[in-house]
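Worksheet for the structure shown next.
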Amino acid sequence: MVNITLPDGSVRQIEKGASSMDVAKSISEGLARNVVSAEVNGEIWDANRPINEDSTVKLFTWKDDGGKFTFWHSSAHLMAEALEAIYPGIKLGTGPAIENGFYYDVDPGEHKISSDDFPKIEAKMLELARQKNQFVRKEVTKAEAVDFFSRKGDEYKLELIEKRGEDEQLSLYTQGNFVDLCKGPHLADTSTIKAVKMMKVAGAYWQGDENRQQMTRLYGITFPKQKELTQYLQMLEEAKKRDHRKLGKELELFMFSEKVGAGLPIWLPNGTALRQRLEDFLKKAQIERGYQPVITPHIAKKELYETSGHWAKYGEDSFQPIQTPREGEVFLLKPMNCPHHCEIFGHRPRSYKELPLRIAEFGTVYRYEQTGELHGLTRVRGFTQDDAHLFCTTDQLKEEFLGVLDLTQHVLRKLGFEDYTAQISLRDPATPEKYIGSTDDWDKAEQAIIDATKEVGLETTTELGEAAFYGPKLDFMVKDALGRRWQLGTIQVDYQLPQRFELEYVGADGEMHRPVMIHRAPFGSMERFIGVLVEHCGGKFPLWLTTNQYAILPISDRFNEFAEKLKKELAAHDVRGFVDDRSEKVGRKIRDAEVKKVPFMLIVGESEVAEGKVSVRKQGEGDVGKMTVAEFASWFKEQL
RNA sequence: GCCAUCGUAGCUCAGGGGUAGAGCACUUCCAUGGUCAGGAAGGGGUCGUGAGUUCAAUUCUCACCGAUGGCUCCA
């Protein structure tokens, strides 16, 4: 017998060689039916893999992330089996589970797979799933694996095997007619896969290397119940309605023009009003926190970026230099504001008494992004950073960092973002050549970030190798409507630029010292932030931010004058909106205001004029009754 | 940049080798209506751009530009 410790601390005894499935059965039959895999001593295992020693076991059902992972991973194998059946000679790459479903990278050879083929693939998968084929694990040596895949002629699998150590134990999983090199775990059998949907087909480089073979990546998703698939597809439909590109068009926030160029958003009046209000909000918060606004030009001499190191690092891959016609001077379109701000710091001798010096600018920058990467407002070629650079002493670093963390969280909170994560990006110790600066400085900077986030109790993930070349950073990541994660606010510690620009201040000791620099942008960029914000709130912006807080809807033209008078009164209360004075029926005006997501509709007609009141209607909710303008204004302010 | 799909009126889209259509929006007129689309008439497109095939191209082919979904990338 072996002892199995469950997450609640209870211990159960099972026969040696029994599996986590048996553990589940010992608890209840119902649980056993739902168990898809288990975590055994920290490793995810097949539910039916024998356990031979005392272990801690955590059972996964479909409801757990670990369970979904198993379910979708097995589904990837099922899809591969279907593909082999439909397309003889197809070669397989890798096929993992992902956040929503799974994919398999395949080399279809002479076949061509398009979305037209999806129904065929789905049907085959369901047919195979119904065969209730068991997933059978087999441990093999590297030589055995090489032998198997050589005979099968799967060069991609062979390449994966080659990378493994000589003595490494590998495993194969078989279900039906399909065998794959795989670590597992997998479902007990295919029969629990009841609903199948092929999602999309795309190209993907083999091993993520753009110099290598382009594979066909097939995405799919599966569920244990048809109903869950239906719900998932409905959720996707809903998400599409919130897409900032769609809403941006409908609400006339921004546009793109082929003539102006890809990735260069043009802000329309509605979007500009919104954006300026956001800017004002942050400017105010920053001035309260001792930031000093500056303005710098949009171009600078190439020399500036040679000094900063950006030319060497990104010069080849940026917008190419601009030359003056006569003097032959060479300028670059500003890709970031930091070098300009370094010049501001360095333009005269600085005293420690001036530190921390916080220089802020809504700086518009231009970066060359490959055409294929452009995406709405979230990935563009010209954008405005809510940038600031904080120059401080090493001793002040942590406090400044905490101040920035506080500001960023204030911004996110005020805009209704609750669900975000913070990612700490550190060096990849394996590739030191990618970074500039001394190891000592890097250590200190990384530690400062880790300490500060711990101190405010921020939940963080840590990514090695994601740091900027000049320093580690902390990024706030927010999900968009379709579950894609975007980096918004960023805070970066930088020891390199002050050194490259030879920035110095006179300390209390009369000696010269080098300041530390913090780059930070709570929004990240106005473009991306607004893009994500639009999706986050589905176009219903926070009341304080929205352009039209109300619409006055006169019942007929006779009341337009009264409406205008109300508008003036509301303006005196600092509430902004407009009068819909079109000769339309009130039902129509309501519909249009609802579609434009105007938070409040004030309906005025005969009785309102007589009583000196307005009938208030709340967007998405309906009639709330009559009140005077003053009553409305104070009720409105309560909701700000 | 790479792979796939796509580009027809301001928007959403139908059509298809013989120079184009719907709904909404827009304009005008009628209607002045009480809580999610009142009625009628009208204007509007060298069918993304350029080249090729053809008697004839918006339709077929190629290139370019742009968009969408991925990949790679993201100072």
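In what follows, chains carry the letters A, B, and so on, assigned in the order in which the sequence lines appear, proteins first and then strands, with residues in each chain numbered from 1. Values reported hereafter were calculated over all heavy atoms of this structure, with side chains retained and with hydrogens, waters and symmetry mates removed.
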Between [N] and [M], how far is it from one [atom1] atom to the other, in whole Å?
{"N": "B/rG17", "M": "B/rA56", "atom1": "C1'", "answer": "8 Å"}
{"N": "B/rC71", "M": "B/rA14", "atom1": "P", "answer": "27 Å"}
{"N": "B/rU12", "M": "B/rC74", "atom1": "C1'", "answer": "33 Å"}
{"N": "B/rA22", "M": "B/rU32", "atom1": "C1'", "answer": "31 Å"}
{"N": "B/rU49", "M": "B/rC65", "atom1": "P", "answer": "15 Å"}
{"N": "B/rU46", "M": "B/rG21", "atom1": "P", "answer": "15 Å"}
{"N": "B/rC47", "M": "B/rA9", "atom1": "P", "answer": "10 Å"}
{"N": "B/rG69", "M": "B/rA63", "atom1": "P", "answer": "24 Å"}

Indicate, with a heavy-atom threshold strictly under 4.0 Å, whether [X] touches base, sugar-phosphate, or nothing.
{"X": "A/Tyr470", "result": "sugar-phosphate"}
{"X": "A/Lys596", "result": "nothing"}
{"X": "A/Gly587", "result": "sugar-phosphate"}
{"X": "A/Glu608", "result": "base"}
{"X": "A/Lys249", "result": "sugar-phosphate"}
{"X": "A/Ser115", "result": "nothing"}
{"X": "A/Lys313", "result": "nothing"}
{"X": "A/Gly372", "result": "base"}
{"X": "A/Ser114", "result": "nothing"}
{"X": "A/Lys473", "result": "sugar-phosphate"}
{"X": "A/Ala204", "result": "sugar-phosphate"}
{"X": "A/Arg617", "result": "base"}
{"X": "A/Glu606", "result": "base"}
{"X": "A/Ser308", "result": "nothing"}

For B/rG69 and A/Arg245 - does any side-chain N or O of the residue sit under 4.0 Å from the phosphate oxygens OP1/OP2?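 Answer yes for this pair, as a side-chain N or O of A/Arg245 is under 4.0 Å from OP1 or OP2.
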Any side-chain N or O of A/Arg588 less than 4.0 Å from the OP1 or OP2 oxygen of B/rG38?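 It does, given that an N or O in the side chain of A/Arg588 lies less than 4.0 Å from OP1 or OP2 of B/rG38.
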For A/Tyr314, run the ring-ring contact (aromatic ring centres under 6.0 Å, His included) check against A/Tyr368, A/Phe469, A/Tyr305, A/Tyr470 and tell me which one passes.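 The option that passes is A/Phe469.
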With A/Phe476, the ring-ring contact (aromatic ring centres under 6.0 Å, His included) member among A/Tyr420, A/Phe529, A/Trp486, A/Phe417: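 Only one of A/Tyr420, A/Phe529, A/Trp486, A/Phe417 forms a ring-ring contact (aromatic ring centres under 6.0 Å, His included) with A/Phe476, namely A/Tyr420.
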Nucleotide opposite B/rC62 in a Watson-Crick or G-U pair, distances under 3.5 Å: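 Result: B/rG50.
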Of the listed nucleotides ([options]), which one gets closest to any side-chain atom of [X]?
{"X": "A/Gln492", "options": "B/rA75, B/rG34, B/rA67", "result": "B/rA75"}
{"X": "A/Tyr205", "options": "B/rU32, B/rA75, B/rC71", "result": "B/rC71"}
{"X": "A/Gln214", "options": "B/rC3, B/rG34, B/rC73", "result": "B/rC3"}

To the nearest Å, give me how far apart [atom1] ([X]) and [atom2] ([N]) are.
{"X": "A/Leu333", "N": "B/rA75", "atom1": "CG", "atom2": "C1'", "result": "14 Å"}
{"X": "A/Arg381", "N": "B/rG1", "atom1": "CZ", "atom2": "C1'", "result": "11 Å"}
{"X": "A/Asn211", "N": "B/rC73", "atom1": "CG", "atom2": "P", "result": "11 Å"}
{"X": "A/Glu369", "N": "B/rA75", "atom1": "CD", "atom2": "P", "result": "9 Å"}
{"X": "A/Glu621", "N": "B/rC36", "atom1": "CD", "atom2": "P", "result": "15 Å"}
{"X": "A/Tyr219", "N": "B/rU5", "atom1": "OH", "atom2": "P", "result": "17 Å"}
{"X": "A/Leu374", "N": "B/rG69", "atom1": "CG", "atom2": "P", "result": "12 Å"}
{"X": "A/Glu584", "N": "B/rC24", "atom1": "CD", "atom2": "C1'", "result": "13 Å"}

Are [X] and [Y] ion-paired here, with the side-chain N under 4.0 Å from a carboxylate O?
{"X": "A/Glu237", "Y": "A/Lys240", "result": "yes"}
{"X": "A/Glu361", "Y": "A/Lys334", "result": "yes"}
{"X": "A/Arg514", "Y": "A/Glu502", "result": "no"}
{"X": "A/Glu584", "Y": "A/Lys589", "result": "no"}

Return the 5'-most residue of the pair A/Arg558, A/Ala467 with respect to RNA chain B, ranking by each residue's nearest nucleotide.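 With A/Arg558 and A/Ala467 compared, the 5'-side residue is A/Arg558.
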Using ring centroids (six-membered ring only for Trp), state whether A/Phe636 and A/Phe600 fall under 6.0 Å.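 Yes, ring centres under 6.0 Å apart.
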Test applied, side-chain hydrogen bond (donor to acceptor under 3.5 Å, both in side chains); reference residue, A/Gln207; option that passes from A/Arg212, A/Lys163, A/Glu159: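 Looking at A/Arg212, A/Lys163, A/Glu159, the match for A/Gln207 under the side-chain hydrogen bond (donor to acceptor under 3.5 Å, both in side chains) is A/Lys163.
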Distance criterion of 3.5 Å, no angle test: do you see the side chain of A/Arg379 paired donor-to-acceptor with the base of B/rC73?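 For A/Arg379, whose side chain was compared with the base of B/rC73, there is a donor-acceptor pair (under 3.5 Å).
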